[in-house]
Amino acid sequence: MEEVSQVDVDAGRGAALGGALPTQPGELPLARRLRSLLTWPTTDNDPVAHLVRTHRGIHANADASVLRRAYTIADNMHRGQFRKSGEPYITHPLAVAEICAELGMDTTTLVAALLHDTVEDTRYTLQALAEDFGPEVAHLVDGVTKFDKAFYGKAAEAETVRKMIVAAGKDVRVLIIKLADRLHNMRTLGVRSAASRERIARKTQEVLVPLCDRLGIQTLKRELDDVVLLHLEPDEHARLARFVHDRPGWDGYLDDVVARARVALRRSRVDAEVAPRPRHLYSIWKDTVAGDHTAPYDLPRIVIVVDGPATDCYAALGAVHGLWRPVPGRFKDFIASPKNNLYRSLHTSVRGPQDRTVEVLIRTDEMHRSAEYGVAAHYRFPRAAGRAADRADELAWLRRVLDWEQETVDPTQFMESLRCDLAEAQIQVVADGRQVVLPAGASPVDLAYELGTERGDHCLAARINGRLAPLSSELEEGDVVEIFTESDAESGFEADAAPRGPRREWLGFVKSPHAQMQINRWFAEHTEPGISIADKVRLGRATIGLALRKHDRGLASDLPLLRLSEELGYPDLETMLVAVFDRTVEPDTVVRQLIDLVDHRQ
Ligand code: MN
């Protein structure tokens, strides 16, 4: 229900422009010569006109000549190449640049978008590109090209995404060009076979959409969502499009709601803009399916953007709740507790005019911008206040992913971690007096690692809502959790003389890739490389010996150990000793059972 969102980016302009391309005489003059040769006539036929207008509309002082130069080179290099639809190839990079322009990206990004396929698909070299457009553009094009190279290989998916993340960590513009590239390819998938449409749509849905979500670029995500739905559920897409297109009285009703809300806000002296906030098709479809509705399920929705500080949002909320009765249980404060992608807003539902339920989103101007454009907001609104701090926060997730990347050798494993981290289901718990976001089903161990590597490595026990609970417990939304570690002397949990470190069995229940990675890292660091089974057996035996000595006991023979290994279901004694060394079984547990066995059977 909390889909953040809803003004659709104007679709399909690029494709429309494709038909109006001028034909140019002559074949492929040298790139270098082009620069001096070309001035573009400003006619209706100018294929770059729309791009320049969109770009200038957001960045008034942008340099249009470099866009024309890039277009001319791309056009010449791709001359004679066609898309599967039969259109000249240049329509594609032009459309990608237009998507980037609509997002408000800078001129450098647009130039790179125009040229993004030249190095891969034409004889234009990266070196020539660097000479013509400078190292920054070359770097961006190179980043995009590298994804594509990996994309068609065997280990395709995992490797591609890994490269995307690495590149994005260095320069997020590479990722934005790639997302725009995918969006345009998805829009024009219609000419492909049904099987390949489905394959590409699924990949987009699994990885790119969540990635887009994490980067907070909702305008792009909504479009990707809808185009994925179009390819995966064409009939449903058509049904919803029809439903949204002709529902009688809908617009009039929303206008009435907006007008009344404006009056109430003015009376409460809250300076704000109010607008209808339609859901995108995918969002309606999701709610329809989730609620098992036969007819498409969609509630009227408005957004209130206050012109003031965050406290004005609560004043606006008061005004709305004073006007219409709130629906119980529907208020959500994503300002006090932002989502993982830093989305902030107040959400409420009220009984509006004619007793119909109306959803209301309330946010500041700055919250609105970052909800719509996410990391792209920094390019769209370069002068916006608080920029540096926000940006650090937004990229924190990306940085963490990059850390795993460095620690994971196997791209498939990295991919698995990423998929898990991108999964939508999340819970928030309270620890150390703050909110912590974890994947659904997370355990206290996940939380401990989230609080810090040391806390994770040495956690011993947890208290959930005041009660002691096993480390393998599943945490739930809103739980208040305390983590005890070996160094918490006052915790009453007796610690071994030597720090114990993580248990291997934790890997069986931790949910976050971060915790998994840290546990694996610990074992990689604490296991001697190439240690032999014989050594493990010896060290396992020594570990038990040490633990026994704490109880003032010792072993005269292997017999009790042998019996215990049978009793515990190990194939032989050696296997149990290796398990003790590997910590898949606790030495203390073995020793306790050993003492029981000896004391009661002999
Ligand atoms: Mn492309």
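Just the heavy atoms: all of them, side chains too, but no hydrogens, waters or symmetry mates, feed the values below. Whatever order the structure lists ligands and atoms in, that order sets their numbers, starting from 1.
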Participant: What N, O or S atom of D117 is found closest to the Mn ion (ligand 1)?
Facilitator: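 It is OD2, the N, O or S atom of D117 closest to the Mn ion (ligand 1).
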Participant: CG/L224 to CD/Q218 distance, rounded to the nearest 0.5 angstrom?
Facilitator: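 Here the interatomic distance stands at 11.0 Å.
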Participant: Would you say that more than 12 heavy atoms from the other residues, nucleotides or ligands in this model lie under 6.0 Å from the CD of Q81, or not?
Facilitator: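 Correct, the count exceeds 12.
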Participant: If you look at D181, which of its N/O/S atoms is nearest to the Mn ion (ligand 1)?
Facilitator: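 Closest N, O or S atom of D181 to the Mn ion (ligand 1): OD1.
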Participant: If every non-hydrogen atom of A113 is compared with every non-hydrogen atom of V96, which pair is closest and at what distance?
Facilitator: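 Looking at all heavy atoms of both residues, the closest pair is CB-CG1, 4.1 Å.
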Participant: Quick one: the NE2 of H92, the Mn ion (ligand 1), NE2 of H116 angle, rounded to 10°, please.
Facilitator: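 Angle NE2(H92)-the Mn ion (ligand 1)-NE2(H116): 90°, rounded to 10°.
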Participant: Report the distance from atom CG of L110 to atom CZ of R173, rounding to the nearest 0.5 Å.
Facilitator: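 Answer rounded to 0.5 Å: 10.5 Å.
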Participant: Is H184 close enough to the Mn ion (ligand 1) that one of its N, O or S atoms comes in under 2.8 Å?
Facilitator: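 Here the distance criterion (N, O or S atom, under 2.8 Å) is not met by H184, so no.
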